[in-house]
Amino acid sequence: MQAADLSNNETQRLTALHALNVLDTPADTAFVRITELACEVFDVPIALVSLIDEERQWFKAHSGLQISETNREISFCAHAVAANRPLIVEDTHNDPRFADNPLVLEQPHIRFYAGYPLCPSDDQLPIGTLCLIDKQPRTFTARDHRILHNLAKQVDELLRQHELKERLSRTAKQFEALFTKSATGKVRIDRMGNVIAINPFALNLLGYQAEEIVGQNAGILTFPKISKKYNDLISSHFSSYTNEKGVGRGREIALRHNNGHQIPVHLAVNAIHNDRQEFVEFLAILTDLSDINEAKHRVNRERRLLQVLHQGITDYQALMSGEQLWSFLMEALRELTDSDYALIGEVMPTNTTNTLKVHAITDLSWSDESRHLMEQLRSGDMMLTNPDSLLGRVFAHGDVVITDDVYRHAKRGGFPPGHPRIDNYLGAPIFSGDKLIGMFAIANSQQTLSHSLLHWLQPFTDTCALLINLYRQMAEREQVTMDLAAARDQAEQANRAKSEFLSSMSHELRTPLNAIIGFAQLLGKGRREPLSDKQKRQVGQIQKSGQHLLSLINEVLDLAKIESGHMALSIEPIALESVIEDACSTLEANIEAAGLVLQREPLAAPWQVAADYTRTKQVLLNLLSNAIKYNRPQGSIRIAVDQRGNDVCVRVTDAGHGIAPERQHELFEPFNRLDAEHGTIEGTGIGLAITRELVERMQGQIGVTSTPGQGATFWFTLPITEADALSESPLPRTLASAVPGQRHHLLYIEDNPTNQRLMEDIMEDFDQVRLQTVTSAELGLDLMRYSPPDLVLMDIHLPGMNGYQALDAIQKDTSLRHIPVVALSANAMERDRAHGLAAGFADYLTKPLDIDQLSATLSRHVSTDAIPRKAP
């Protein structure tokens, strides 16, 4: 037996066969009639429609044969399919391919076979045969060929019709599934706008039964006010081709549920055409938007909630400054919960129970009296105190209260006549940890009041807790700020009183001191009538006492200036060795007069420090002066310098009696002289206090080490700097050092006769100065216009026009404004000097008058080479 070969396009052939969906289908009368007709026409016992599958041949029709399929290996038809041409075997016993075939040797004992290939597909691939079988050999004529060919083509057509029928059946089922089982609503509408069919989803969506809708106008699905509009619109689409452009466009509309409520849907209308492309019906597709709209609503609510929380926190300061925070939160709460009324309050604990301070409340007033009560609640003038009311259960006990029937609630209390109706109510406590700090409440909400709503509002509740705590902190801070401001005002007032007292004291003391020290200087320097040694000692004692009193005044003023922060320092690189040399030179005579020995250790390096030169010298002078005053007879003073990290340390050691360790901390207290005030050594008790303040202002430290009986070492540190010290400016030339020149006119405006006499005596030693004195600013101005002076010395406190007013008049007069005016006043506070220079004085001298300073000032403002003093 020879099995048939596989065709070259076997895979495509099998694909074409399977695409027909005919294998293993029930018997089909049309195919059976073809095989019966073949048996009758050709007078054969067996006729088959055989389809060659991958492993078998299956018979769609098998007249005269009981079996429905055989193995492909013994198939005669497989040979015809492989060759794709008719196969005629007139006698199988004479054909070696089939002589031993089981179908020949056994049933059905094939002796004759004629098979014609079936090719129903467009690509003419053979899928089987229409075959004839006889148990006797026979011949097959050309006429038989034609008849068999025509019958085979008829089978091809039946196969194509079967495939089309299957495809149409599948399509119908798909359309049926799309319509009846779709997850969207579908409504078929005829040309008159009546419903032809409606699917279960649409019925369930709209709450109808099919019999209630089918045959009715589609307008029944819309609300009455727009049903006619939609009916006319739908009808117009079917009445004219001109409306086809409106078909297929989707829109969102609200349909009417059977119970009357709205159902949001997306409506898309599609036109159904017949074979002539005419409208026959419309298919309306309804997509339920309820969930989408609800989701959008939830998203919008969440977004609004987040916006409220974000704005409440980020704009907290701005909202609080405008007193709008609580109103903002209350209105947001009303909007978020669709409520008519809302309240936000802060719980205020008392000795007995909690009360509620209302921060924001919706206006519930209905009369003048109720309006007044609302204003009292909003302003905080009235608290809510009833612990057993609907509000009280929340703010007094921390309960959550929810009711949909306020008037039947056990804790509702009474509503006065005219009170707006309250239907539902929710009151929620606001906790900070375990502490009840506030509450909010809503009423007449359009939403369902429940714990789920309260849970959704939890971020709002937490934010309110945060803001209440911030509000309390801000209130406490504002109170602290107010207290600090009051304390500051009180301190400033005390400071002003102190400054005014110091200024008044300075002025009142300096005025007589000006005469005492001034005349003492003149007597001591007198050249015409020299004093005897005894008189010089007496005059020197007068001058010494006056200078001591003046130094006391200056130190008090310095200490006040440092404590008030008004002392300006010029921090710059200075050579430490230079300032030590300067201080030692200043006190050299004092050290020698006291019989002491000054020992200065050479500096290990040319250190430069960042400090104020003048104040550093003042520190050294204070320490050296104390070392002189509190030393032993024939004692010594030693100055040593070394480096400590980034600082340099200066030590001043004396050989005095030392200081007890338990009292060393008192040294730097103002006016504390450690009982030395009872001895013969003069002092103010302020110097070390000033020294400590100066050192610390220059970023240094100061201290003392001492053992009783072995002297004391005072030390201070200053920061080292690598910058070069600024070059020292040359000292101004004084009148005594000036070279001869022309005679200058000096106008002195002073109302005190003693001060006038002192100035006249001073000026007697200067040949090149012509002094003219007047007692008032008015006289001075008249004299200046008549005979302009080269320089004006002016007292500040004058009868009538004071010194500042006179200066203003001079500056406004174009003929006088070029004349320099120097202030000479007993007002010696730093602020007095700064005020005077700012007002326009060329310089500011203080009383008691220093003659050398006066000489230098006159030379600076008149001429540096014109005013020599008389030779002795």
Side-chain angles (χ1 to χ4, degrees), residues 1-14 16-17 23 31-32 34-120 124-156 159:
M1 183 193 73
Q2 181 180 343
D5 296 329
L6 296 177
S7 62
N8 294 331
N9 53 3
E10 179 67 8
T11 300
Q12 292 86 346
R13 189 194 70 79
L14 288 173
L17 171 63
L23 291 173
F31 287 94
V32 173
I34 289 291
T35 56
E36 290 177 348
L37 178 61
C39 288
E40 185 175 348
V41 170
F42 290 101
D43 192 20
V44 293
I46 301 172
L48 306 172
V49 174
S50 176
L51 303 177
I52 306 303
D53 199 2
E54 185 175 7
E55 300 290 341
R56 62 173 178 162
Q57 67 173 344
W58 179 79
F59 308 132
K60 175 62 179 171
H62 44 95
S63 297
L65 188 65
Q66 297 300 315
I67 60 175
S68 61
E69 65 178 54
T70 69
N71 192 289
R72 179 174 175 174
E73 290 182 353
I74 62 174
S75 170
F76 281 64
C77 297
H79 289 269
V81 168
N84 195 15
R85 61 176 178 268
L87 175 65
I88 307 297
V89 181
E90 294 182 343
D91 189 349
T92 57
H93 289 180
N94 296 328
D95 192 322
R97 294 175 296 175
F98 305 109
D100 58 350
N101 191 296
L103 297 176
V104 174
L105 299 177
E106 301 172 4
Q107 287 293 336
H109 300 289
I110 300 174
R111 292 292 302 274
F112 169 81
Y113 174 86
Y116 202 95
L118 299 175
C119 302
Q124 296 296 304
L125 292 173
I127 62 167
T129 65
L130 172 63
C131 66
L132 307 174
I133 296 175
D134 198 347
K135 296 182 179 181
Q136 300 294 330
R138 59 183 298 173
T139 59
F140 206 70
T141 66
R143 176 178 176 275
D144 293 336
H145 273 278
R146 289 194 302 274
I147 295 173
L148 184 59
H149 167 78
N150 290 334
L151 289 176
K153 293 304 176 184
Q154 188 63 35
V155 174
D156 284 343
L159 288 171

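- With R97 as the fixed residue, the side-chain hydrogen bond (donor to acceptor under 3.5 Å, both in side chains) test singles out one of D95, N101, D100: D95.
- Interatomic distance, OH of Y113 versus CD of E90, reported as 14.5 Å (0.5 Å rounding).
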Exercise for the section: Show your working on side chain to side chain contact (heavy atoms under 4.5 Å, CB included) between D53 and W58 and close with a plain yes or no. Expected result: CA-CA 7 Å; D53 199 2; W58 179 79; 5.8 Å; no
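- Of the inter-residue distances, the one linking E10 atom CD with L17 atom CG reads 9.5 Å to the nearest 0.5 angstrom.
- R85 contributes atom CZ, which lies 11.5 Å from atom CD1 of I88 (distance to the nearest 0.5 angstrom).
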List the atom pairs, with distances to 0.1 Å, where a side-chain N or O of residues 34-52 and a protein N or O form a donor-acceptor pair under 3.5 Å, not counting sequence neighbours.
from: T35; atom 1: OG1; to: V32; atom 2: O; distance (Å): 2.7
from: T35; atom 1: OG1; to: S63; atom 2: OG; distance (Å): 2.6
from: S50; atom 1: OG; to: Q57; atom 2: OE1; distance (Å): 3.1

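- In this structure, OG1 in T92 is found 7.5 Å from CD1 in I110, a value given to the nearest 0.5 Å.
- Inter-residue side-chain proximity for H62 and S68 is flagged as met; some heavy-atom pair is nearer than 4.5 Å.
- To the nearest 0.5 angstrom, N84 atom CG is 11.5 Å from T129 atom OG1.
- Taken from CZ in R138 to CG in L132, the straight-line distance is 8.0 Å, to the nearest 0.5 Å.
- Salt-bridge annotation for D91 and R111: present, with a side-chain N of the basic residue lying under 4.0 Å from a carboxylate O of the acidic one.
- The side-chain heavy atoms of I127 and V81, taken from C-beta on, include no pair separated by under 4.5 Å.
- D144 contributes a side-chain N or O that, together with a main-chain N or O of T141, makes up a donor-acceptor pair within less than 3.5 Å.
- When side chains are defined from C-beta on, V89 does not count as touching H79, because their heavy atoms never get closer than 4.5 Å.
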Practice task
Assess whether side chain to side chain contact (heavy atoms under 4.5 Å, CB included) is satisfied between F59 and T70, documenting all intermediate values.
Solution key: CA-CA 9 Å; F59 308 132; T70 69; 4.1 Å; yes
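- With a 6.0 Å radius and a threshold of 12 heavy atoms from other residues, nucleotides or ligands, N8 has its CG atom at or below the threshold.
- In terms of heavy atoms, A16 sits closest to L125 at CB-CD1, 4.2 Å.
- Heavy atoms of other residues, nucleotides or ligands lying less than 6.0 angstrom from CD of E54 number 12 at most.
- Of all non-hydrogen atoms in A152 and P117, the two that sit nearest each other are CB-O, 4.4 Å.
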Problem - Steps toward side chain to side chain contact (heavy atoms under 4.5 Å, CB included) verdict (H109, Q136) - result: CA-CA 9 Å; H109 300 289; Q136 300 294 330; over 6 Å; no
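- Across all their heavy atoms, A78 and S75 have their closest contact at N-OG, 3.1 Å.
- Judged by distance alone, with hydrogens and angles left aside, the side-chain atoms of H93 form no donor-acceptor pair with the main-chain N or O of P137 at under 3.5 Å.
- For E73, the CD atom counts as loosely surrounded, since its 6.0 Å shell holds 12 or fewer non-hydrogen atoms of other residues, nucleotides or ligands.
- Using cut-offs of 30° and 60° on the angle between ring planes, the pair F140 and F112 is tilted.
- Residues passing the side-chain hydrogen bond (donor to acceptor under 3.5 Å, both in side chains) test with H145: none are found, sequence neighbours excluded.
- The closest side-chain heavy-atom distance from F31 to L159 is below 4.5 Å.
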